[in-house]
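In what follows, chains are A, B, ... by sequence order, proteins preceding strands, each numbered from 1.
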Amino acid sequence: MTVPFIEQNDQTEARRDHLEALRGLVGNVYPNKFERSNVSDTPAGEDTITSIVAAFKKFAPRVAEGEKPSADELDLANSELNKIRVRLAGRIAAPPRVMGKAAFVHLSDGGSRLQIYVRRQDVVGVRNDAGGGEVNGWELFSLLDHGDFIGVEGFLFVTKTGELSVHVEKLQFLAKALLPMPDKMHGINDPEIRQRQRYADLIAGSLKLEPGVGSQEPERKELNSRQAFELRARVIKEIRRFLDEQGYIEVETPMLTPLATGAAARPFKTHHNALDIDLFARIAPELYLKRLTVGGFEKVYELNRNFRNEGISTKHNPEFTMLEFYWAYADVNDMMDLHEEMMRSVVEVATGGVTIRYGEHEIDFSQPFQRITMKEAIARYRGSEVNPNEEPVRIIELFEQFAEPHLIQPTFITDFPKAISPLSKASPSDPSVAERFEYFVGGLESANGFSELNDPEEQYQRFKDQMVQRERGDEEAMVMDEDYIRALSYGMPPAAGIGVGIDRLVMLLANKHSIRDVILFPHMRPERSEGSRQEAEGSVRTGSGSDRINDAG
RNA sequence: GGGCCGAUAGCUCAGUCGGUAGAGCAACUGGCUUUUAACCAGUGGGUCGCAGGUUCGAGUCCUGCUCGGCUCACCA
């Protein structure tokens, strides 16, 4: 049976024919498991292509580009490698190169690839049904397509050209690719397919061949998708390690909240049926985390998603990942110090260096980050001083217009107007400015921190001021949060807090200029397929039956 | 939401002045028992994003729409 909304053409037809022939040969074409060996002694107890390559590549003789190793070198390598029997699984990473009665194929585990050598006279196939049994291995092999998953058993060796390979003796079919694979040289260039079908993007990255040495293609060190998301994982892991080591505790506060507050943004609205109340997807966890400092968590962080119902751009996704953390008894200056230390550590762990390239710019994290006030920044880049009586909103405008694009090297901008910082303490030396900073790098606003306002009566007044703004039509002005005022009334220690935009941090470190390149499944308009059109017309979807299945999963 | 640009074979892309729809890779058939983007010979594959219009004739020109990219505004 074919799936109606998956396209059919000569290529899918050929793959389907192969699948049916395989079914006749091996029985179950979607077996439940394949047991892998563990000769590379992985902690997980099973060999992967990556672990085998890492463990045994060193036996392959090293030769200059275009040269071949000597017979003695090959014999030496093979005398060790031939003793090593492996059971490995992976995706067929290229159209098999068949030469009559033998063939070379590369297998991929998504990260690395390893060549296998299949010879007609010494490969047997394995049935997948209970009891197993052997079938014609070469016939099985000849039914495989680029992209299929197989398991192999055999011994390691190096070929005449010195490439580490597996000489296959047993071959097992594991799963079919019914759709053709992306072009092996070009991958997928269409950004729409890359983002909508991230799976295809990731496959394309793992199957793509590097241009040969003679190629005229300019040298590009751009990370592919997999590498960018691996970098993202390293960034997040290092942030957690850093904060945990500093004595912070990680918490999770509500995503669905009765009030959307803690930031200036429009929220997503949803509805709770049983309670019959509207809820908002949170725009920031800030006020919940500060309630926890009231409760006695002196160092607390949350690394999770926020949701803002605003425009989508190369720098904005409706859901984005933010780190927020709060540090009792510290002020804004301590927080800048800590953030600077954390950034240096993250950059080093994620990229292996202290300088990075972002587009045209070389960004250096090894030097102390610049710290300048907002008015100084405007004066520096506009060339004239700010009028001392300038409106707060106008100061921000001037800053964004003249200064922000120039903030390439890591820079803290301090002394924000108090009027636009309703959760921030005023500066002891100048009551018109807040003890607040924003951190800029690569021209991107990347973090925002301040000395937290902990006086419940002043906070009450600031909220009232915000309500006035809201009544004047500012949809992003904050709302009164009575429970938060109550929490502050129990007493909150002096504290500094910060919010760090993780997606933008990853963009910077991965040298990506669109947030969609660092979010696996970025928000996009729904695709209009045949199937969804039928659903929209009401002929397919029947109601709640399928929801229970999803809940159980 | 505004402006600019794009959509052609499974993938990457050509398509001139409006005159029979093209290439490479992939697929299919045959050959080849250590290949390296393997090679050699042959074959098939298209709703030119969708809908109208102009024209004897539209992939090409015009209008509208859909989806996407960049950019401006709002924001992190």
Side-chain angles (χ1 to χ4, degrees), chain A residues 7-15 17-18 66 68 74 78 94-106 113 115-123 138 145-147 157-163 165 167 177-196 200 203-204 207-215 217 263-266 283-284 306-324 396 400 438-440 444-448 474-476 499-505 507 513-516 524-529:
Chain A
E7 66 172 303
Q8 307 292 321
N9 55 45
D10 61 322
Q11 313 218 14
T12 61
E13 206 174 307
R15 285 166 181 267
D17 289 347
H18 294 162
K68 286 187 179 180
L74 290 176
N78 281 325
R97 288 193 294 273
V98 182
M99 303 164 299
K101 299 183 179 64
F104 288 96
V105 186
H106 279 89
R113 52 173 65 213
Q115 181 169 259
I116 64 171
Y117 176 58
V118 179
R119 199 159 58 169
R120 180 177 188 169
Q121 71 194 49
D122 46 31
V123 63
W138 189 250
D145 287 305
H146 184 194
F157 76 111
V158 288
T159 63
K160 276 182 188 169
T161 54
E163 180 167 347
S165 307
H167 189 121
L178 288 171
L179 289 173
M181 294 293 111
D183 185 277
K184 64 185 173 186
M185 295 312 294
H186 302 93
I188 294 176
N189 281 1
D190 184 342
E192 178 171 357
I193 299 176
R194 285 210 336 247
Q195 290 157 15
R196 276 193 203 281
I203 292 169
L207 304 188
K208 189 171 173 181
L209 300 178
E210 295 307 318
V213 267
S215 166
E217 198 152 328
R266 280 179 291 173
I283 57 175
N306 290 343
F307 307 86
R308 298 189 185 175
N309 201 345
E310 286 165 352
I312 296 172
S313 78
T314 46
K315 296 183 183 67
H316 300 87
N317 196 58
E319 54 180 296
F320 63 103
T321 301
M322 181 125 115
L323 165 69
E324 282 201 16
I396 297 290
E400 287 175 355
E438 283 189 356
Y439 165 69
F440 290 85
L444 288 172
E445 181 191 340
S446 187
N448 176 15
D474 181 357
E475 282 185 69
E476 295 178 353
V500 183
I502 298 300
D503 309 281
R504 289 184 179 178
L505 175 60
M507 281 169 68
H513 289 75
S514 170
I515 200 166
R516 293 185 204 102
M524 298 184 82
R525 273 198 176 80
E527 204 173 5
R528 285 237 307 258
S529 70

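Heavy atoms of A/Glu7 sit under 4.0 angstrom from primed sugar atoms or phosphate atoms, though from no base atom. Within the nucleic acid shown, A/Ser313 has no heavy atom closer than 4.0 Å to any nucleic acid atom. Counting any heavy atom pair closer than 4.0 Å across all strands shown, A/Leu444 reaches no nucleic acid atom. Counting any heavy atom pair closer than 4.0 Å across all strands shown, A/Ala263 reaches no nucleic acid atom. Residue A/Asn448 is out of contact with every strand shown, counting any heavy-atom pair closer than 4.0 Å. Counting non-hydrogen atoms under 4.0 angstrom, A/Asp17 reaches nothing in the nucleic acid. At a threshold of 4.0 angstrom between heavy atoms, the contacts of A/Gly187 are confined to the sugar-phosphate backbone, with no base atom among them. Residue-level contact check: A/Arg525 touches the backbone only, with heavy atoms under 4.0 Å from sugar-phosphate atoms and none from bases. Residue A/Arg196 is in sugar-phosphate contact alone, with no base atom involved, counting any heavy-atom pair closer than 4.0 Å across all strands shown.
Within the 4.5 Å cutoff, the side chain of A/Val118 has heavy atoms near those of the A/Trp138 side chain. Between A/Lys315 and A/Arg504 the shortest side-chain heavy-atom distance falls below 4.5 Å. Within the 4.5 Å cutoff, the side chain of A/Arg97 has heavy atoms near those of the A/Gln115 side chain.
Residues forming a salt bridge (Lys or Arg N to Asp or Glu O under 4.0 Å) with A/Glu476 (at least two apart in sequence, or on another chain): none. For A/Pro318, the side-chain contact (heavy atoms from CB on, under 4.5 Å) test picks out A/Phe268, A/Ile312, A/His523, with sequence neighbours left out.
In this structure, A/Arg97 does not reach the B/U35 phosphate: none of its side-chain N or O atoms is under 4.0 Å from OP1 or OP2.
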Sugar-phosphate or base contact per nucleotide [nucleotides 23-32 of chain B; S, B, -; heavy atom under 4.0 Å]: -BBBSS---B
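Shown here, B/C25 forms a base pair with B/G10; the pair counts as Watson-Crick or G-U wobble because both key distances fall under 3.5 Å. The nucleotide B/G45 finds no pairing partner, because no Watson-Crick or G-U wobble arrangement with both distances shorter than 3.5 Å includes it. B/U54 is unpaired under the criterion used here, namely a Watson-Crick or G-U wobble arrangement in which both key atom distances are under 3.5 Å.
Put simply, CD1 on A/Ile193 is 18 Å from P on B/G6, counting in whole angstrom units. Between the CD1 atom of A/Ile312 and the P atom of B/A73 there is a distance of 18 Å, rounded to whole Å. In this entry the distance linking CD1 of A/Ile283 with P of B/A76 reads 9 Å, nearest Å.
A donor and an acceptor atom sit less than 3.5 Å apart, one in the side chain of A/Gln115 and one in the base of B/U35. One can find a donor-acceptor pair under 3.5 Å joining the base of B/U33 and the side-chain atoms of A/Gln121.
Considering only the side chain of A/Leu209, B/A37 comes nearest among B/G69, B/U12, B/A37. You'll find that the side chain of A/Phe104 is closest to B/U35, out of B/U33, B/U35, B/G68. Comparing B/G69, B/C70, B/U33 against the side chain of A/Ser514 picks out B/C70 as the nearest. Listed candidates were B/G68, B/C11, B/C70. Nearest to the side chain of A/Arg516 is B/C70. Closest to the A/Lys160 side chain, of the nucleotides B/C67, B/U35, B/U33, is B/U35. Residue A/Arg308 has its side chain nearest to B/A76 when only B/A76, B/G68, B/U33 are considered.
Of the C1' atoms belonging to B/U20 and B/C56, the separation is 16 Å, rounded to the nearest Å.
Heavy-atom nearest nucleotides on RNA chain B were determined for A/Glu476 and for A/His106, and the one closer to the 5' end corresponds to A/His106.
The aromatic rings of A/Tyr117 and A/His167 sit perpendicular, their planes meeting at an angle over 60°, well past the 30° parallel limit.
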